[in-house]
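What you see is a predicted model, and the numbers here were worked out from it, not measured in a lab. In the text below, chain A, chain B and the rest are named by the order of the sequence lines, each starting its count at 1.
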Amino acid sequence: MGKRLSRKFYTRPTLTVAKDLLGKYLVRKIGKKKLIGKIVETEAYIGPEDRASHSFGGKITERCKTEYLIGGHIYIYLCYGMYWMMNITTEKAGRPECVLIRALEPVITNIHESTTNFTNRHSRKFVPKFVEIRDLANGPGKLCNWLKLNKSFDKEDLTKSKRIWLEDPAPERARYGAGRGIKIKKSDIVAKKRIGIDYAGSWAKKPWRFYIKDNPFVSKK
DNA sequence: GTACAGATTGAG
DNA sequence: TCAATCTGTACT
């Protein structure tokens with residue numbers, strides 16, 4: 001496998017990390033099995049200045065205090081009472097900044113397991129028999145459901161955890177002569193305004209949502 | 001304590 | 001278009 005991303009990767013400026021996360025592999029280990037998703041869409045939240053951030057104004061609540069940890073930790077919270085949102089903290093300790101992971105492109109290692117872990121996000125009334133791979137993780141709530149992430153992952157250290165971490169797939173590819181860096185070309189990164197935060201005034205217009213151009217696994221508007 | 005909005009999602 | 005349903009916040 002590739003190389004696990006270290007603390008250094010996460011403690012850089014949030015906008016840099018948000019862009020550099022594109023193309024990285026998010027690895028989730030469940031028992032002996034691994035689910036892997038390539039990050040294709042992110043959003044940066046830069047509190048306490050950012051009106052859309054939970055830590056806006058320097059707020060420290062039971063929920064958002066995780067944002068103040070040093071870069072490389074998971075900040076996960078429940079949205080609308082039913083969906084978990086996975087964020088990755090950035091910068092040094094005390095700076096409440098993070099990156100929301102909005103969409104993954106499933107990297108298929110075992111088709112059976114990868115396609116039978118989605119049903120519990122649907123209502124009891126309606127459980128689909130089939131789901132397209134494209135619909136497994138193309139949204140912040142959906143990807144947490146796919147990877148079975150919940151409150152127990154809050155404050156998880158991505159540089160040390162045995163059940164979830166990030167990898168740069170580059171070393172794996174380098175073996176096959178595909179070059180050294182997995183860094184999405186600047187011209188392939190699209191920057192648009194963030195979704196669902198229209199209440200944030202002028203901050204809502206900041207182009208802090210990043211995704212890989214033309215990637216079909218980006219969340220639908 | 002009560003009211004209400006929210007970094008979403010899928011059904012109708 | 002609307003409901004599901006938990007947490008934070010601004011009130012009474």
Exercise. So does A/K8 have more than 12 non-hydrogen atoms from other groups sitting under 6.0 Å from NZ?
Worked result: no
For this session: Please report, rounded to the nearest Å, how far the P atom of B/dT8 is from the CG atom of A/D135.
Result: 17 Å
For this session: With side chain to side chain contact (heavy atoms under 4.5 Å, CB included) as the test, would you mind laying out the steps for A/I74 and A/D154 before giving the verdict?
Result: CA-CA 6 Å; A/I74 290 179; A/D154 193 49; 5.5 Å; no
For this session: Determine, for A/F153 and A/R28, whether the Lys NZ or Arg CZ falls below 6.0 Å from the six-membered ring centre while staying within 45 degrees of the axis.
Result: no
Exercise. On the ring face of A/Y45, is A/R194 found with NZ or CZ under 6.0 Å from the centre and within 45° of the axis?
Worked result: yes
Exercise. For residues A/T14 and A/E91, is any side-chain donor paired with an opposing acceptor at under 3.5 Å?
Worked result: no
Exercise. Can you tell me how far C1' of B/dT9 sits from CH2 of A/W146, to the nearest Å?
Worked result: 18 Å
For this session: Give a yes or no on whether the ring-centroid distance for A/Y77 and A/H54 is below 6.0 angstrom.
Result: yes
Exercise. Near DNA chain B, under 4.0 Å by heavy atom, which residues of residues 59-82 of chain A?
Worked result: A/E67, A/Y77, A/Y80
Problem set entry | For atom CG of A/L149 and atom P of B/dA7, their distance in whole Å | 20 Å
Exercise. Nearest-Å distance, CH2 (A/W84) to P (B/dT9)?
Worked result: 15 Å
Problem set entry | Distance in angstrom units between A/K220 NZ and B/dA11 P, rounded | 11 Å
Problem set entry | Verify stack between A/Y45 ring and B/dA7 base, 5.5 Å, 30 degrees | yes
For this session: Provide the distance between the two C1' atoms, one in C/dT7 and one in B/dG10, to the nearest whole Å.
Result: 22 Å
Problem set entry | Sidechain-backbone polar pair: A/R7 side chain, A/G71 backbone, donor-acceptor under 3.5 Å | yes
Exercise. Which atom pair, heavy atoms only, marks the closest approach of A/W165 to A/L158?
Worked result: CB-O, 3.5 Å
Exercise. What stems, by residue range, does DNA chain C take part in, given at least 3 consecutive Watson-Crick or G-U pairs under 3.5 Å?
Worked result: B:1-6 with C:6-11, B:8-11 with C:1-4
Problem set entry | Euclidean distance, atom NZ of residue A/K151 to atom P of C/dC6 [Å, nearest integer] | 14 Å
Exercise. To the nearest angstrom, how far is A/F56 atom CZ from C/dT9 atom P?
Worked result: 12 Å
Exercise. Counting only heavy atoms not in A/K155, do more than 12 fall under 6.0 Å of its NZ?
Worked result: yes
For this session: Let me know the distance between CG of A/D50 and P of B/dG6, rounded to the nearest Å.
Result: 15 Å
